[in-house]
Amino acid sequence: MTFHKPALPRSLDWLPVADALAIIQKNYSPLTALQIIPVAKACGSILAEPLYASRANPPVTNSAVDGYGFSSESVTATKKLRLLDEQVEPGIPFKQSIPKGGAVKILTGSQIPEEIDTIIMQEDATIHDGYLIVNLPIKKGSNIRGLGEDIKSGERLLAKGHRITASDLATLIAAGITQMTVYKPLKVAVLSTGSELASHQEEPIHSQVIDTNRPLLLSMIDKWGFEPIDLGKVIDCPERIRERLDHGTEKADVILTSGGASSGSKDYISSLLRTEGKLHFWYIAVKPGRPLIFANWNQTLVFGLPGNPIAAFVCTLIFGLPLLKQLAGQTEWKPQSFMIQASFNKSKKPGRIEYWRARINADGFAEVFASEGSGLTTSLLWSNGLVEVAESTTQIQTGDLVKYFPYSSFELL
């Protein structure tokens with residue numbers, strides 16, 4: 001791997017990727033109201049307050065196996081214990097006392113009578129003439145699950161800002177939780193700009209380009225558990241764009257736009273947000289997606305994405321998703337990555353982070369898409385993740401370790 005000092009054009013104020021993510025993390029709190037929902041419908045919701053166990057699990061000391069219980073101190077050299085006629089069953093209190101030198105059959109999940117401190121599995125036991133013959137060395141406490149061994153009453157289970165998953169539900173229900181306070185789903189609006197765009201639902205004419213960004217972004221928003229709001233597409237007209245942004249602020253907590261984010265004469269999104277909104281950051285030291293706008297229109301946050309589909313896709317994953325999760329109440333979220341060997345040779349300019357569409361090949365190496373074109377949507381069919389290349393890196397050779405983000409770490413699969 002080859003490294004060089006950053007060398008970015010001085011004509012623009014380039015914001016490092018880490019600084020842009022830090023601005024998002026440090027300056028924005030949840031935007032949505034609270035609601036109380038039943039635990040069975042909580043999957044995908046984000047906790048607005050910590051969750052504490054209201055009961056222990058197990059709620060009583062119980063048997064981990066079908067077997068025979070006894071007091072370890074009552075086992076004599078003969079290892080014979082008088083077996084009671086009754087058995088201990090789950091959910092039924094055992095009211096009979098167990099005399100010294102006695103044993104009782106006990107089923108899995110049954111509450112342990114106070115005289116018992118050891119259980120042997122029925123496969124390891126021998127019954128003869130009403131006696132239990134203990135064939136194994138005695139280990140006090142064997143096959144017994146203690147009260148609160150898994151969950152203690154009052155124990156904190158999940159922190160504020162945690163997003164409930166299906167795998168969480170078993171623990172929450174076992175801990176006696178019936179409802180919880182969560183944030184209402186974040187409302188995210190999507191607006192496409194560009195006179196050249198045709199909707200995917202209409203027949204393009206002449207040189208029109210089909211708007212792929214809006215359905216892509218709306219589907220991603222829905223997949224992430226937010227409420228998608230379609231603001232449609234609008235031509236390159238400041239008055240029309242202004243009206244659509246105003247409309248979006250009435251319906252959504254945050255607006256994603258695509259197109260018009262650069263500094264050209266027809267880039268009205270950037271012009272309006274700079275002159276009539278409140279600009280937080282603009283050009284980012286990243287590829288693809290350098291003209292990335294983060295601003296306020298009225299009181300609503302606007303994330304201005306580039307118009308090229310791949311740039312819009314990558315910027316939404318790297319910058320948009322952390323922002324949306326922060327605004328929705330899910331704190332301290334980061335996509336998971338791992339280091340993997342490269343199967344390619346490739347160079348880049350210093351001074352910016354780059355994200356290359358990639359996949360893991362049959363040999364377990366990362367390979368990258370042949371072209372860096374930001375309009376090649378087939379690269380999304382081909383790839384299943386991104387390779388992140390640091391600012392100072394200018395050359396990657398076969399066998400070098402690279403940082404790989406599977407799309408699943410962005411909750412897309």
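No experiment lies behind these values; they were computed from the predicted model shown.
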| task | Could you tell me whether Lys266 atom NZ has more than 12 heavy atoms of other residues or ligands within 6.0 Å of it? | result | no

| remark: To the nearest 0.5 Å, atom CD of Glu114 lies from atom OG of Ser97 at 9.0 Å

| Does the Ser142 side chain pair with the main chain of Thr118, one donor and one acceptor, at a distance under 3.5 Å? | no

| query | Would you say the side-chain atoms of Arg242 pair up with the backbone N or O of Leu272, donor to acceptor, closer than 3.5 Å? | reply | no

| Gap between atom CG of Leu157 and atom CG of Asp168 - 0.5 Å precision | 9.5 Å

| Is any NZ, NE, NH1 or NH2 atom of the basic residue among Glu332 and Lys334 found under 4.0 Å from an Asp or Glu carboxylate oxygen of the other? | no

| query | Once the angle between the rings of Phe294 and His280 is folded into 0 to 90°, is it parallel (under 30°), tilted (30 to 60°) or perpendicular (over 60°)? | reply | tilted

| request: State whether the side chain of Thr32 and the backbone N or O of Pro185 hold a donor-acceptor pair below 3.5 Å, judged by distance alone. | output: no

| Test item: side-chain donor near acceptor, Ser219 and Asp222, under 3.5 Å | no

| message | Could you check whether Ser379 and Arg357, counting side-chain N and O atoms only, form a donor-acceptor pair closer than 3.5 Å? | response | yes

| Looking only at side chains, do Asn384 and Tyr404 share a donor and an acceptor under 3.5 Å apart? | yes

| Salt bridge present between Lys325 and Glu411 (N-O < 4.0 angstrom) | yes

| field | Ring-ring centroid check Phe319 Phe281, cutoff 6.0 Å | value | no

| If only atom types and distance count, is the side chain of Ser54 paired as donor or acceptor with the main-chain N or O of Ala175 below 3.5 Å? | yes

| field | Backbone N/O of Asn213 and side chain of Asp211: donor-acceptor pair under 3.5 Å | value | yes

| query | Does the Ser72 side chain pair with the main chain of Lys140, one donor and one acceptor, at a distance under 3.5 Å? | reply | no

| task | Identify whether the distance between the nearest side-chain nitrogen and carboxylate oxygen of Glu372 and Lys348 falls below 4.0 Å. | result | no

| said: Under the criterion side-chain hydrogen bond (donor to acceptor under 3.5 Å, both in side chains), I'd like the reasoning laid out for Asn62 against Arg145: C-alpha separation, chi angles, the key distance, then a yes or no. | reply: CA-CA 5 Å; Asn62 68 81; Arg145 296 184 291 212; 2.8 Å; yes

| said: Taking the six-membered ring for Trp, are Tyr355 and Phe313 closer than 6.0 Å centroid to centroid? | reply: no

| said: Using 0.5 Å steps for rounding, measure from the CG atom of Leu191 to the CD1 atom of Ile241. | reply: 7.5 Å

